[in-house]
Number of protein chains: 2
Amino acid sequence: MAAGGSRRASVSFIHADRAIDPRGGEHIGSESPVGLLVDLDAFGSMSFARRRVKRGEAVYHAGDRFSAIYAVSSGFFKVGNVDAAGREQVMGFFMRAELFGLDGIGAGRYDGTAAALEDSEIVVLPFALMEAMAQEDAAMQRQLHALLAREIARGHGVMMLLGSMRAEERLAAFFLNLSRRFVCRGYSPSEFHLRMTRQEIGSYLGLKLETVSRLFSLFREKGLIEVRQKHVSIVDIAGLEGVLRDHGREA
Amino acid sequence: MAAGGSRRASVSFIHADRAIDPRGGEHIGSESPVGLLVDLDAFGSMSFARRRVKRGEAVYHAGDRFSAIYAVSSGFFKVGNVDAAGREQVMGFFMRAELFGLDGIGAGRYDGTAAALEDSEIVVLPFALMEAMAQEDAAMQRQLHALLAREIARGHGVMMLLGSMRAEERLAAFFLNLSRRFVCRGYSPSEFHLRMTRQEIGSYLGLKLETVSRLFSLFREKGLIEVRQKHVSIVDIAGLEGVLRDHGREA
DNA sequence: CGACCTTTTGAACGTATTCAACCGATGTGG
DNA sequence: CCACATCGGTTGAATACGTTCAAAAGGTCG
């Protein structure tokens, strides 16, 4: 809880990387939710506090007073909400150079809980400061707005996923989205470790953990992926894209 | 298409009405998606163009260049997206004093299509102008951010609905949400005309139109609502809230 | 009035869930 | 370091829920 490590990080500034969201072209299966990008280490015009977060630890809880948004420096996070009837749902997963905590701006309180899925580090971006900076610099203001708007668009992607895809399609979209995001970070598009449990994946995709598990097996049998615990290799990306495409249109 | 009526409307400015989103207290079944509020007719500091939109007519199409956001002056709108595989989904319905078109800010293009569900009128808010105003006035900037953030939170509400509720709960949440929004506008909380078809409701709720129709009948049989075509009377609000509450928790 | 669209309802079906058992991996403490 | 407890994951069988296909009635609009 105590702001742990308090070294300083130079952060050029928020920067909506177009490479991550190739909307113009094919964005099938992009599942849109790509996360918000921050240019973490470029020319340092400002320096912000960093904070270490241990696996399982929360960055903030639903209802906490909103004060800052967070950029993932390293590690992996999930943001989840709980409604009044006790229903829980993961609203998103966030990896390096993505932002979370924006949901707090509206009401002055975070409406979800953000927790680290592994030992991680974040950059704390006090929102008041961000607003002040945006006030002075029109370009920065535009970036800030683009940032918020992208989170809106990400939401639309998730709605699409939850509202109009069947289980197989959802998982395929999920993998393709992860793949794309890893590529943007210079990692392999086809090999990665899932930091979240089947249960958390299911929560995000609106499915039960057993269903997710079965789908993993199904995809494995179809030769689309290989799975060793949390390690996933995508064997046939085109095949995954096919899963998405086939059901939507007439073959 | 031509900007039809071009009278001027005085618009005090964007104004996030807290009455519409009683998050602090009970927000069960609020289904969050409450829509963004604009104080349409208060003290007029600015005047914006209005535009009439006939039933079925589009305000903008997915892919159109983004230039403005829109405030509903009268009437009813839906915003829907289509993904690359042809899947369609309604992302939201908007009524008087609510804003739509925010999804375009991020990419510079609208990612959905907005259409009127009845003859309507909107106020056109050129976004460049909004940004300029926000640049000059910190309070306005804050409101603008709150506005965008509320759309993010609305999205979370819809995700919750689509990801963790069963059909009955979704429809109950939908009715309660509508009811609340009508109340905020001074209309009856329990009597209203649905401007959208069962099909559109289903699309929004991630259900098929037949399912929606059956749920209407079910709710009628349970004595929760009365239905005469598109006219709906909520007979038992507490009952509807119960539908939401029961499944989430242990009774 | 007639054509079309929306809605309702029934019956069969398919998909995801539930309940349950089991296995494997991980982590802790003796 | 091993034993044990726990957690996460897999798989099966029965079930429930929502969908699909189909038919028909009711509304609406030209």
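Only this structure's heavy atoms are used, side chains among them; waters, hydrogens and symmetry mates stay out. Since we're looking at a predicted model, the values are computed, not measured.
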Subject >> side-chain contact (heavy atoms from CB on, under 4.5 Å) partner of B:Y70, the single match among B:V53, B:L102, B:V79, B:V59 >> reply: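 The side-chain contact (heavy atoms from CB on, under 4.5 Å) with B:Y70 is passed solely by B:V59 among B:V53, B:L102, B:V79, B:V59.
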**OP:** Among B:M95, B:M196, B:R55, find the residue that satisfies the side-chain contact (heavy atoms from CB on, under 4.5 Å) test when tested with B:L117.
**Re:**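 When B:M95, B:M196, B:R55 are each tested with B:L117, the side-chain contact (heavy atoms from CB on, under 4.5 Å) holds only for B:M196.
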At 4.0 Å (heavy atoms only), tell me whether [X] reaches a base, stays on the sugar-phosphate, or touches nothing.
X      : result
B:L207 : sugar-phosphate
A:R214 : base
B:R228 : nothing

**OP:** Between B:V212 and A:E221, name the one whose nearest nucleotide on DNA chain D is closer to the 5' end.
**Re:**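 First, find each residue's nearest nucleotide; the 5'-ward one identifies A:E221.
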Original post:
For DNA chain D, whose closest nucleotide is more 5', that of A:L209 or that of B:R55?
Top reply: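 Going by which nucleotide is closer to the 5' end, it is A:L209.
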Subject >> Side-chain donor-acceptor contact under 3.5 Å, B:E191 with B:H231 >> reply: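 There is such a pair between these side chains.
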Return the value, rounded to whole Å, for the distance between atom [atom1] of [X] and atom [atom2] of [N].
X      : N      : atom1 : atom2 : result
A:L162 : C:dA16 : CG    : C1'   : 15 Å
A:M165 : C:dA16 : CE    : C1'   : 17 Å
B:L218 : C:dG10 : CG    : P     : 13 Å
A:K208 : C:dC19 : NZ    : P     : 10 Å
B:L215 : C:dT7  : CG    : P     : 14 Å

Original post:
Rounded to the nearest 0.5 Å, how far apart are NZ of A:K78 and OG1 of A:T197?
Top reply: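 Separation between the atoms: 7.0 Å.
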Subject >> CG-CZ distance between A:D111 and B:R150, expressed to the nearest 0.5 angstrom >> reply: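 Between atom CG of A:D111 and atom CZ of B:R150 there are 10.5 Å.
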**OP:** Using a cut-off of strictly less than 4.0 Å between a heavy atom of the residue and any atom of DNA chain D, enumerate the qualifying residues of residues 193-203 of chain A by number.
**Re:**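 Those residues are A:T197, A:R198.
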Subject >> For chain B, the stretch of DNA chain D it reaches, first to last nucleotide, under 4.0 Å of its heavy atoms >> reply: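 Listing 5' to 3', DNA chain D meets chain B from D:dC17 to D:dC29.
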Original post:
Taking only side-chain nitrogens and oxygens of B:S213, does any of them come within less than 4.0 Å of OP1 or OP2 of C:dT7?
Top reply: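 So the side chain of B:S213 is outside the cut-off, no N or O lying under 4.0 Å from OP1 or OP2 of C:dT7.
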Original post:
Side chain of A:Q229: nearest nucleotide among C:dA25, C:dT18, C:dT9?
Top reply: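 For A:Q229, the side-chain atoms sit closest to C:dA25.
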Subject >> Full working for ring pair (Phe, Tyr, Trp, His ring centres under 6.0 Å) between A:F192 and A:Y187 >> reply: CA-CA 8 Å; A:F192 41 82; A:Y187 303 132; over 10 Å; no
Original post:
Hey, is B:K230 close enough to B:E118 for a salt bridge, meaning N to O under 4.0 Å?
Top reply: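 The answer is no: the pair does not qualify as a salt bridge.
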Subject >> Pairing of A:R154 and A:E98 as salt bridge, 4.0 angstrom limit >> reply: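 So A:R154 does not pair with A:E98 through a salt bridge.
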**OP:** For B:D103 and B:G112, indicate whether the former's side chain and the latter's backbone hold a donor-acceptor pair under 3.5 Å.
**Re:**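 A pair under 3.5 Å: yes.
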